[in-house]
Chemist: 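Take a look at the following structure, please.
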Amino acid sequence: MYGYMGKILRVDLSEKTTSIESLDEKMARMYIGGRGFGAKVLFDELPKGIDPLSEDNKLVFSTGPFVGTLIPGSSRCVVMAKSPLTGLLGDTDFGGYFPREMKSTGFDVIIIEGKAERPVYLWIHEGDVEIKDAAHLWGKVASATQEKILQEVKDNKAKVVCIGPGGENLVRYACIISELRYVGGRLGLGAVMGSKNLKAVVVRGEKKVAIAREKELDTLIKALNYDLVNDGSCESLIEYGTWNTTAPAQVTGILPTKNFQRTSFEGTDKIDGEAMVEKILVGRRTCYACPIRCRRVVEAETPYKVSPEYGGPQYEAVASLGSLCLNDDPVAIAKANELCNEYS
Ligand code: SF4
């Protein structure tokens with residue numbers, strides 16, 4: 001099947017078993033990938049009325065047919081489970097390099113079920129799956145977790161998604177942190193990882209996705225990349241990242257302010273795109289195969305030391321940690337963002 005690796009990995013943490021299932025063409029055509037796959041698995045397999053933080057919940061990591069190709073903007077991994085925040089279908093997604101790496105292990109979908117007796121992490125590499133002890137990682141923040149895991153698997157090219165103490169302590173909006181800076185936020189899927197005693201999922205692979213008409217796709221990708229960078233449609237995203245949203249949100253009266261009591265903030269000019277670029281921006285990053293490079297690299301020394309490793313706050317973090325708190329200090333916003341990434 002073009003566009004797919006054709007395999008689903010199922011991990012039962014209670015039974016400490018793994019199995020491989022085929023991804024059939026009917027499922028691929030009907031549900032395509034990502035949220036389609038996740039929703040299908042949960043709809044079919046979750047019993048009605050389960051507690052989202054019980055071992056009955058399932059966590060589904062899914063990619064789509066474009067992941068692993070050079071199609072710009074396609075490097076996304078979707079994670080779904082019943083949400084502990086809403087009790088409804090919970091979904092999140094993140095970019096970076098984990099999605100491509102996950103697919104390169106040979107699996108389009110990873111279904112994680114049950115609950116480990118003790119903290120564990122999954123090490124998935126070249127079709128091999130190991131459930132490894134993570135008791136020594138429990139309680140550690142994301143950076144320490146990732147550093148230790150990369151030492152243990154002895155492969156610096158492996159990609160790590162993990163939780164920090166927020167997920168371990170079942171905070172109902174805890175996030176999943178990928179490579180320290182790409183975050184699967186909203187709806188508490190980090191808490192679902194914590195409820196399963198699952199500290200991290202680590203992937204490394206070399207498999208390539210099959211492409212039907214590779215030459216034509218290459219030509220299309222070149223044209224797309226050229227247009228994205230040159231036709232002006234992404235100009236402000238390239239220059240300011242998602243900080244391009246702050247000033248327009250203020251002007252149109254939709255900037256979340258003072259714990260949602262107001263919709264505009266008098267300090268916006270200190271935290272809008274231009275101010276953030278001037279005060280804390282030191283570089284740009286990208287996700288796999290994307291020419292836009294909207295991800296921000298930020299750094300500061302005072303009044304808080306902010307490391308460039310965590311990625312700059314996106315618009316949502318600027319609003320949540322800035323205007324919602326009546327905070328107009330870009331460095332304080334960046335530091336709070338760093339701590340959120342560390343603690344998940
Ligand atoms: S760099 Fe920005 S625009 Fe490109 S895929 Fe990543 S998040 Fe999307």
Chemist: Salt bridge or not for R118 and D133, using N-O below 4.0 Å?
Modeler: yes
Chemist: Of all heavy-atom pairs between L85 and S83, which one has the smallest distance, and what is that distance?
Modeler: N-OG, 2.9 Å
Chemist: Taking only residues two or more places apart in sequence or in another chain, which ones pass side chain to side chain donor-acceptor pair (under 3.5 Å) with E278?
Modeler: none
Chemist: Considering all heavy atoms of both residues, which atom of S236 and which atom of N244 are nearest to each other, and what is their separation?
Modeler: OG-ND2, 2.9 Å
Chemist: Decide if atom CZ of R172 counts as having more than 12 heavy atoms of other residues, nucleotides or ligands within a radius under 6.0 Å.
Modeler: no
Chemist: Remaining members of V160's ILVMFWY cluster at a side-chain heavy-atom cut-off under 4.5 Å?
Modeler: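 Joined to V160, directly or through intermediates: Y121, W123, L137, I149, L150, V153, V202.
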Chemist: Do NZ/NE/NH1/NH2 and the carboxylate oxygens of E21 and K7 come within less than 4.0 Å?
Modeler: no
Chemist: Is there a donor-acceptor pair closer than 3.5 Å between any side-chain N or O of T219 and the backbone N or O of K215?
Modeler: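 Yes.
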Chemist: Do S104 and K208 have side chains that approach each other closer than 4.5 Å (heavy atoms only, starting at C-beta)?
Modeler: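 SC-SC contact between S104 and K208 ruled out.
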Chemist: Do S75 side-chain atoms and G96 backbone N/O form a donor-acceptor pair below 3.5 Å?
Modeler: yes
Chemist: Where the side chain of N57 meets the backbone of P52, is there a donor-acceptor pair that is under 3.5 Å apart?
Modeler: yes
Chemist: Any side-chain donor paired with an acceptor under 3.5 Å for S14 and E55?
Modeler: yes
Chemist: Give me the atom names and distance for the closest heavy-atom approach of K140 to H136.
Modeler: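 Taking every non-hydrogen atom into account, CE-O, 3.4 Å.
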Chemist: Apart from Y240 itself, what residues make up its hydrophobic cluster, given side-chain heavy atom links below 4.5 Å?
Modeler: W243, L255, F265, I271, M276, V277, I280, L281, V298, Y304, V306, Y315, V318, L321, L326, V331, I333
Chemist: Given side chains that start at C-beta, do those of F107 and V109 come closer than 4.5 Å, heavy atoms only?
Modeler: no
Chemist: Within the structure provided, determine whether F37 and L23 are in side-chain contact (heavy-atom separation under 4.5 Å).
Modeler: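 Yes - at least one pair of side-chain heavy atoms lies under 4.5 Å apart.
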Chemist: Taking atom CD of E214 and atom OH of Y2, what is their separation to the nearest 0.5 Å?
Modeler: 10.0 Å
Chemist: In terms of side-chain heavy atoms, does T246 have a donor or acceptor partner in D272 at a distance below 3.5 Å?
Modeler: no
Chemist: List in chain and number order the residues that pass salt bridge (Lys or Arg N to Asp or Glu O under 4.0 Å) with K115, two or more places apart in sequence or in another chain; answer none if no residue qualifies.
Modeler: none
Chemist: Are L122 and V78 grouped together when hydrophobic residues (ILVMFWY) are joined by side-chain heavy atoms under 4.5 angstrom apart?
Modeler: no
Chemist: Rounded to the nearest 0.5 Å, what separation is found between the CD atom of E266 and the OG atom of S323?
Modeler: 10.0 Å
Chemist: Taking L198 as the starting point, is it possible to reach V79 by hopping between hydrophobic residues whose side chains are less than 4.5 Å apart?
Modeler: yes
Chemist: Can you find a pair of side-chain heavy atoms, one from T69 and one from S74, that are under 4.5 Å apart?
Modeler: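 With C-beta onward as the side chain, the pair touches.
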Chemist: Who are the salt bridge (Lys or Arg N to Asp or Glu O under 4.0 Å) partners of K132, not counting sequence neighbours?
Modeler: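 Partners of K132 by the salt bridge (Lys or Arg N to Asp or Glu O under 4.0 Å) criterion, ordered by chain and then number, come out as E130.
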Chemist: Which residue pairs satisfy the side-chain hydrogen bond (donor to acceptor under 3.5 Å, both in side chains) criterion with at least one member in residues 182-197, sequence neighbours excluded?
Modeler: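 The answer is D91-R186.
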Chemist: Over 60° means perpendicular and under 30° means parallel, so classify the ring planes of F61 and F94, tilted if in between.
Modeler: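 If you compare the ring of F94 with that of F61, the planes turn out perpendicular.
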Chemist: Within the structure provided, determine whether H125 and V203 are in side-chain contact (heavy-atom separation under 4.5 Å).
Modeler: no
Chemist: Using the rule that two of Ile, Leu, Val, Met, Phe, Trp, Tyr join whenever any of their side-chain heavy atoms come within less than 4.5 Å, decide whether V201 and V11 are in one cluster.
Modeler: yes
Chemist: Side chains of N341 and L339: does their closest heavy-atom pair fall under 4.5 Å?
Modeler: no
Chemist: Examine distances only and state if a side-chain atom of T63 and a backbone atom of V67 form a donor-acceptor pair shorter than 3.5 Å.
Modeler: no
Chemist: Could you tell me if the side chain of K270 sits less than 4.5 Å from the side chain of D329, heavy atoms only?
Modeler: no
Chemist: Between K199 (side chain only) and W138 (backbone N and O only), is there a donor and an acceptor less than 3.5 Å apart?
Modeler: no
Chemist: Looking at G90 and L187, what are the two nearest heavy atoms and their distance?
Modeler: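 Where G90 meets L187 most closely, the heavy atoms are CA-CD1, 3.8 Å.
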Chemist: Is it possible for you to check whether R100 lies under 6.0 Å from the centre of the six-membered ring of Y288, through NZ or CZ, and within 45° of that ring's axis?
Modeler: yes
Chemist: If you count the non-hydrogen atoms of other residues, nucleotides and ligands that lie under 6.0 Å from OH in Y97, is the total more than 12?
Modeler: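 Atom OH in Y97 is crowded, with more than 12 foreign heavy atoms closer than 6.0 Å.
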Chemist: Ignoring hydrogens and angles, tell me if any N or O in the side chain of T263 forms a donor-acceptor pair with the backbone of G253 under 3.5 Å.
Modeler: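 Side chain of T263 to backbone of G253, a donor-acceptor pair under 3.5 Å: yes, one is there.
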Chemist: Measuring from atom CG of D108 to atom CD1 of I110, what distance do you get when rounded to the nearest 0.5 angstrom?
Modeler: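 Taking CG in D108 and CD1 in I110, the distance rounds to 10.0 Å.
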Chemist: Using modelled atom types and a 3.5 Å cut-off, is there a donor and acceptor pairing between side-chain atoms of T92 and backbone atoms of G185?
Modeler: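 Yes: the side chain of T92 pairs with the backbone of G185.
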Chemist: Hey, could you give me the CZ/CD distance between R181 and Q314, rounded to the nearest 0.5 Å?
Modeler: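 If we round to the nearest 0.5 Å, R181:CZ and Q314:CD are 12.5 Å apart.
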Chemist: Taking E338 for the side chain and S307 for the main chain, is one N or O donor matched with an acceptor at less than 3.5 Å?
Modeler: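 A pair under 3.5 Å: yes.
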Chemist: What residues, two or more places apart in sequence or in another chain, satisfy salt bridge (Lys or Arg N to Asp or Glu O under 4.0 Å) together with D56?
Modeler: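 In terms of salt bridge (Lys or Arg N to Asp or Glu O under 4.0 Å), with neighbours along the sequence ignored, D56 is linked to no residue.
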Chemist: Mind checking what makes side chain to side chain donor-acceptor pair (under 3.5 Å) contact with R285, not counting sequence neighbours?
Modeler: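 Checked R285 against side chain to side chain donor-acceptor pair (under 3.5 Å); zero matches.
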Chemist: Would you say E168's side chain and G139's backbone share a donor-acceptor pair under 3.5 angstrom?
Modeler: yes
Chemist: Under 4.5 Å side-chain heavy-atom separation, chaining through any Ile, Leu, Val, Met, Phe, Trp or Tyr, what else clusters with L170? Say none if it is isolated.
Modeler: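 Members other than L170 - counting any ILVMFWY side chain reachable under 4.5 Å - are L53.
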Chemist: Does a donor on one side chain sit under 3.5 Å from an acceptor on the other, for E342 and S143?
Modeler: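 The criterion, which ignores hydrogens and geometry beyond distance, is satisfied for S143 and E342.
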Chemist: If Ile, Leu, Val, Met, Phe, Trp and Tyr residues are connected whenever their side-chain heavy atoms lie under 4.5 Å apart, and connections chain through other members, are V161 and L9 in the same group?
Modeler: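 Same cluster.
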Chemist: Looking only at non-hydrogen atoms, find the nearest pair between Q146 and E179 and report the distance.
Modeler: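 Closest pair (atom of Q146, atom of E179, distance): OE1-CA, 3.3 Å.
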Chemist: Nearest 0.5 angstrom please: R35 CZ to L42 CG, how far?
Modeler: 12.5 Å
Chemist: I need the minimum non-hydrogen distance between A191 and A174, along with the two atoms involved.
Modeler: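 Taking every non-hydrogen atom into account, N-CB, 3.7 Å.
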Chemist: Take atom CD of E117 as the centre, draw a 6.0 Å sphere, and report whether it contains more than 12 heavy atoms from other residues, nucleotides or ligands.
Modeler: no
Chemist: Between K103 and K207, is there a donor-acceptor pair closer than 3.5 Å when you use the side chain of the first and the backbone of the second?
Modeler: no
Chemist: List, by chain and number, the other hydrophobic cluster members for V183, where Ile, Leu, Val, Met, Phe, Trp and Tyr join if side-chain heavy atoms come within less than 4.5 Å, directly or indirectly.
Modeler: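 Hydrophobic cluster check, V183: joined to I177.
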Chemist: Would a 4.5 Å heavy-atom cut-off, applied to side chains only, mark M193 and I176 as touching?
Modeler: yes
Chemist: Starting at SG of C294, measure out to CG of L237 and round the result to the nearest 0.5 Å.
Modeler: 5.0 Å
Chemist: Please output the side-chain donor-acceptor pairs of residues 222-229 that fall under 3.5 Å, not counting sequence neighbours, one pair per line with the distance.
Modeler:
none

Chemist: I'd like to know whether S233 forms a side-chain hydrogen bond (donor to acceptor under 3.5 Å, both in side chains) with D231, so could you lay out the CA-CA distance, the side-chain angles of the two residues, the decisive distance to 0.1 Å, and finally the verdict.
Modeler: CA-CA 6 Å; S233 59; D231 71 3; 2.7 Å; yes
Chemist: Which residues pass the salt bridge (Lys or Arg N to Asp or Glu O under 4.0 Å) test with K58, sequence neighbours left out?
Modeler: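 Counting only residues at least two positions away or on another chain, K58 forms a salt bridge (Lys or Arg N to Asp or Glu O under 4.0 Å) with E45, E113.
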